[in-house]
Amino acid sequence: QVQLVESGGGLVQAGGSLRLSCAASGRTFSGYIIAWFRQGPGKEREFVATISWSAGITNYADSVKGRFTISRDNAKNTVYLQMNNLKPEDTAAYYCAAGLVSTSVTADLRYRYWGQGTQVTVSS
């Protein structure tokens, strides 16, 4: 059974940093896209970043480009989201997702597997 477990969320001041982790298990993820989405209070879930498990190709939302970095450690079956220069508008529950996605990688409906989420709160 596929499991995605996020960790690393917390409370941080604006300008600070956090690193989220997504530990994946239950199958091999070769060919999969691993994504981070987030959902802020009163907002719809939105795409943050993706990485291809095999090639390591990355993609970012404009709102986080230059501040967030997605990476993976294939040996540990873990994907990371390094978040720097955090802003109050980054406050959200962050979710890790995995899927065999070839197009529209920013669309959450494309992803089959989801983690339970980890809360990130950025104070001003």
Side-chain angles (χ1 to χ4, degrees):
Q1 184 171 349
V2 173
Q3 276 196 313
L4 301 175
V5 179
E6 303 97 332
S7 61
L11 173 64
V12 64
Q13 288 189 329
S17 299
L18 283 174
R19 188 177 80 157
L20 305 184
S21 299
C22 172
S25 62
R27 65 163 301 125
T28 57
F29 289 91
S30 176
Y32 273 66
I33 301 294
I34 310 298
W36 286 97
F37 288 84
R38 67 185 182 185
Q39 187 166 17
K43 298 181 180 179
E44 293 187 352
R45 188 161 55 190
E46 65 173 355
F47 159 75
V48 176
T50 63
I51 189 166
S52 60
W53 190 266
S54 301
I57 298 170
T58 59
N59 184 32
Y60 296 93
D62 288 343
S63 59
V64 306
K65 205 171 289 184
R67 299 188 299 123
F68 291 12
T69 302
I70 189 170
S71 62
R72 88 261 193 248
D73 185 332
N74 288 17
K76 294 183 178 180
N77 260 24
T78 301
V79 171
Y80 303 99
L81 185 68
Q82 177 67 43
M83 306 186 295
N84 298 328
N85 191 21
L86 282 160
K87 304 175 180 180
E89 51 264 42
D90 295 319
T91 294
Y94 283 71
Y95 298 90
C96 176
L100 285 167
V101 183
S102 57
T103 61
S104 302
V105 296
T106 64
D108 57 357
L109 293 178
R110 294 285 187 174
Y111 293 85
R112 178 176 181 181
Y113 303 110
W114 289 83
Q116 82 289 349
T118 186
Q119 179 67 36
V120 171
T121 303
V122 184
S123 63
S124 57

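Note that this is a predicted model, so its numbers are computed, not measured.
Here the CG-CD distance, from N77 to Q3, works out to 12.5 Å after rounding to the nearest 0.5 Å. Between the OG1 atom in T103 and the CZ atom in R110 there is a gap of 4.0 Å [rounded to 0.5 Å]. Considering CD of Q119 and CD of Q39, their distance stands at 10.5 Å, rounded to 0.5 Å. For the atom pair CG of L4 and CD1 of I34, the computed distance is 6.5 Å after rounding to the nearest 0.5 Å. Rounding to the nearest 0.5 angstrom, the gap separating the CG atom in L18 from the OG1 atom in T121 is 9.5 Å. Here D108 contributes atom CG and E46 contributes atom CD; the two are 11.0 Å apart, rounded to the nearest 0.5 Å.
Using a 4.5 Å cut-off between side-chain heavy atoms of Ile, Leu, Val, Met, Phe, Trp and Tyr, with links allowed through other members, Y32 and I51 fall into the same hydrophobic cluster. Both V12 and Y94 belong to a common hydrophobic cluster when Ile, Leu, Val, Met, Phe, Trp and Tyr are linked at side-chain heavy-atom distances under 4.5 angstrom. Cluster membership check: Y113 shares its hydrophobic cluster with W53, using side-chain heavy-atom separations under 4.5 Å among Ile, Leu, Val, Met, Phe, Trp and Tyr. Criterion: ILVMFWY side-chain heavy atoms under 4.5 Å apart, direct or through other members. Under it, Y111 and V64 are not part of a common hydrophobic cluster. Linking Ile, Leu, Val, Met, Phe, Trp and Tyr whenever their side-chain heavy atoms come within less than 4.5 Å leaves L20 and Y95 in two separate clusters.
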Going through the checks in order, is the salt bridge (charged side-chain N to carboxylate O under 4.0 Å, His left out) test met by K65 and D62? CA-CA 5 Å; K65 205 171 289 184; D62 288 343; 3.2 Å; yes
Could you check S63 against R38 for side-chain contact (heavy atoms from CB on, under 4.5 Å), going step by step and ending with a plain yes or no? CA-CA 12 Å; S63 59; R38 67 185 182 185; 3.6 Å; yes
Please lay out, stage by stage, how L86 and F68 fare under the test side-chain contact (heavy atoms from CB on, under 4.5 Å). CA-CA 9 Å; L86 282 160; F68 291 12; 3.8 Å; yes
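Remark: the backbone N or O of T78 is not paired with any side-chain donor or acceptor of D73 at under 3.5 angstrom. Listed for the R67 side chain is a donor-acceptor partner under 3.5 Å among the backbone atoms of N85. At least one donor-acceptor pair closer than 3.5 Å links the side chain of R72 to the backbone N or O of S54. Remark: the backbone N or O of C96 is paired with a side-chain donor or acceptor of E6 at under 3.5 angstrom. Side chain of Y60 to backbone of I70: a donor-acceptor contact under 3.5 angstrom is found. At distances below 3.5 Å, at least one donor-acceptor pair connects side-chain atoms of S52 with backbone N or O atoms of I57.
Within a 6.0 Å sphere centred on CZ of R45, heavy atoms belonging to other residues, nucleotides or ligands number more than 12. For Q82, the CD atom sits in a packed shell: over 12 heavy atoms of surrounding residues, nucleotides or ligands are nearer than 6.0 Å.
Taking the six-membered ring where tryptophan is involved, the planes of F47 and F37 are perpendicular, since the angle between them exceeds 60° and thus also 30°.
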